[in-house]
Amino acid sequence: SYDGESWQNYQALGAIAKGDYRRVVVDDSGRVWLGAWGRCLQVLQRNGNDVQVTSYDTTGGRLAGIPADLDFVVVNELTKDRHGNIWMANLAAATNRKIIAVTPLGEWVYFTPPNASSIEISRIVIDQFDQIWYGMFDDGVEVIDYRRTLFDPTDDVLTFGDAVTAQISSNRITGLAEDADGTIWIGTNDGLFFWFANQISRQFRLISNDISVVRVDPSNNKWVGTSSGITIISSDNASLTHYTTESSPLVSNIITDFAFNPETGEAYIATTNGLSVVSTPFTTLRQDFSQLTGYPKPFILDGSGTQVS
């Protein structure tokens, strides 16, 4: 972990999860959820200088292992919705309960997607209407509307997933994100697509069509990671900027993920060759101007004596 000044390593965690962590998300209580390719899901909670670690595996049926090894639990996707629920993908779960939500109160809710035994989930996004968008490794996109009744599966319906899948050039979904305008961005190994107002379009002029990840920063810019560098799509979708190891200090062109500090504007870029950090002006907009100061005060606009104070 990094607190802005120093790094701290947690060696003891690897004994349980084999150290192969695939996803990290922080919940509204500040707890850190770690999805591992191995034996469990782990939740870290800081208590003063100590860190409490809670592990979840097949005990009590919380998670399921793969059919070939029922104790081998893979949590390959984690995300948080606007209600504070943590959503995860339990890859190759022998129970077929491959989408799981955990509420802030610690209640576990399970979803069994259609054709669950033959599909595997790569990405999950919960949109502004509380619909579950999930991308699959080889089967495109599906959308479940749970009608905002998380504990009642009887009213869950599939919406427009088939329509989306039919209009993209590859069914291998590698990135999924919703921006501030409600547009859903869909990354594949053959290009980037976006869904808005029930229409899907293709994004052109990327640095590469081999997409690995799509994230949205606090200023609504879309960061597209590829096997050949980064494309940043501006908040109004009007301009694109590209970065590679040749044009920037980026440590590798093979991008695996992004994370953003909304207070400082720092962007963390995960690659196959380490972590790059870049300072940007893309911070969360302030709700008021109470911390804004001006000098000199008063400031005279012109020679008429008009003052701003």
Side-chain angles (χ1 to χ4, degrees), residues 1-2 8-47 50-113 116-117 119-126 132-137 144 146 150-151 153 173-177 213 215 256-259 268 270:
S1 63
Y2 181 63
Q8 181 174 350
N9 296 322
Y10 301 92
Q11 302 289 348
L13 302 181
I16 302 174
K18 310 301 181 187
D20 191 356
Y21 296 102
R22 299 302 176 98
R23 286 291 180 268
V24 180
V25 69
V26 180
D27 67 19
D28 290 345
S29 298
R31 297 178 301 175
V32 180
W33 296 63
L34 303 173
W37 193 282
R39 301 293 170 181
C40 64
L41 165 77
Q42 292 181 300
V43 181
L44 280 58
Q45 184 169 16
R46 183 173 293 278
N47 183 12
D50 298 324
V51 175
Q52 177 184 345
V53 180
T54 303
S55 299
Y56 298 98
D57 52 22
T58 59
T59 303
R62 292 290 198 194
L63 297 167
I66 64 176
D69 183 350
L70 296 180
D71 290 322
F72 194 86
V73 174
V74 178
V75 176
N76 64 308
E77 174 69 329
L78 285 167
T79 191
K80 184 184 73 169
D81 69 17
R82 62 194 181 95
H83 305 293
N85 301 311
I86 300 296
W87 294 78
M88 69 191 76
N90 190 177
L91 187 75
T95 59
N96 286 330
R97 302 188 305 182
K98 296 185 175 181
I99 299 176
I100 303 171
V102 183
T103 72
L105 296 178
E107 303 156 306
W108 291 60
V109 184
Y110 299 87
F111 292 81
T112 301
S117 62
I119 61 100
E120 296 302 341
I121 295 169
S122 57
R123 294 286 188 263
I124 299 175
V125 164
I126 312 303
I132 310 166
W133 289 71
Y134 61 92
M136 293 165 277
F137 284 102
I144 299 175
Y146 67 89
L150 194 56
F151 299 97
I173 307 304
T174 55
L176 204 57
V213 61
R215 301 290 185 192
T256 59
D257 213 340
F258 301 107
Y268 295 83

Apply the test side chain to side chain contact (heavy atoms under 4.5 Å, CB included) to residues T79 and V125: give CA-CA distance (whole Å), side-chain angles for both, the deciding distance (0.1 Å), then the verdict. CA-CA 7 Å; T79 191; V125 164; 5.6 Å; no
- prompt: Which residues satisfy the salt bridge (charged side-chain N to carboxylate O under 4.0 Å, His left out) test with D57, sequence neighbours excluded?
  reply: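 With sequence neighbours excluded, D57 shows a salt bridge (charged side-chain N to carboxylate O under 4.0 Å, His left out) to no residue whatsoever.
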Within the 4.5 Å heavy-atom criterion, are [X] and [Y] side-chain neighbours or not?
X    : Y   : result
R31  : V43 : yes
R46  : S1  : yes
I100 : L63 : yes
V74  : R22 : no
L41  : M88 : yes
Q52  : T54 : yes

**Report entry** Test side chain to side chain contact (heavy atoms under 4.5 Å, CB included) applied to V24 and D257, step by step
**Finding:** CA-CA 11 Å; V24 180; D257 213 340; over 6 Å; no
Margin query: Within 45 degrees of the ring normal and closer than 6.0 Å to the centroid, is that where the cationic atom of R215 sits relative to F258?
Written below: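 No - R215 does not lie over the ring of F258 by the 6.0 Å and 45° rule.
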Would you say [X]'s side chain and [Y]'s backbone share a donor-acceptor pair under 3.5 angstrom?
X    : Y    : result
Y110 : R62  : yes
K98  : A116 : yes
S122 : T174 : no

Got a second to check how far [X]'s [atom1] is from [Y]'s [atom2], nearest 0.5 Å?
X    : Y    : atom1 : atom2 : result
L70  : T95  : CG    : OG1   : 10.0 Å
L176 : W133 : CG    : CH2   : 7.5 Å
D27  : L78  : CG    : CG    : 11.0 Å
I126 : I99  : CD1   : CD1   : 7.5 Å
L34  : D20  : CG    : CG    : 12.0 Å

Search all heavy atoms of [X] against all heavy atoms of [Y] and return the closest pair with its distance.
X    : Y    : result
G65  : T58  : N-CG2, 3.9 Å
P113 : N96  : CD-O, 3.7 Å
R97  : T112 : CG-OG1, 3.7 Å
P104 : H83  : CG-O, 3.7 Å
P67  : A92  : CD-O, 3.2 Å
A94  : I66  : CB-C, 4.4 Å

* Asked: Between L91 and F137, is a side chain to side chain contact (heavy atoms under 4.5 Å, CB included) present by the stated rule, with each step listed?
  -> CA-CA 11 Å; L91 187 75; F137 284 102; 3.6 Å; yes
- [ ] Could you walk me through whether W33 and V102 pass side chain to side chain contact (heavy atoms under 4.5 Å, CB included), step by step?
- [x] CA-CA 11 Å; W33 296 63; V102 183; 3.8 Å; yes
Determine, using ring centers only, whether Y134 and W87 are less than 6.0 Å apart.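 Between Y134 and W87, which both carry aromatic rings, the centre distance is not below 6.0 Å.
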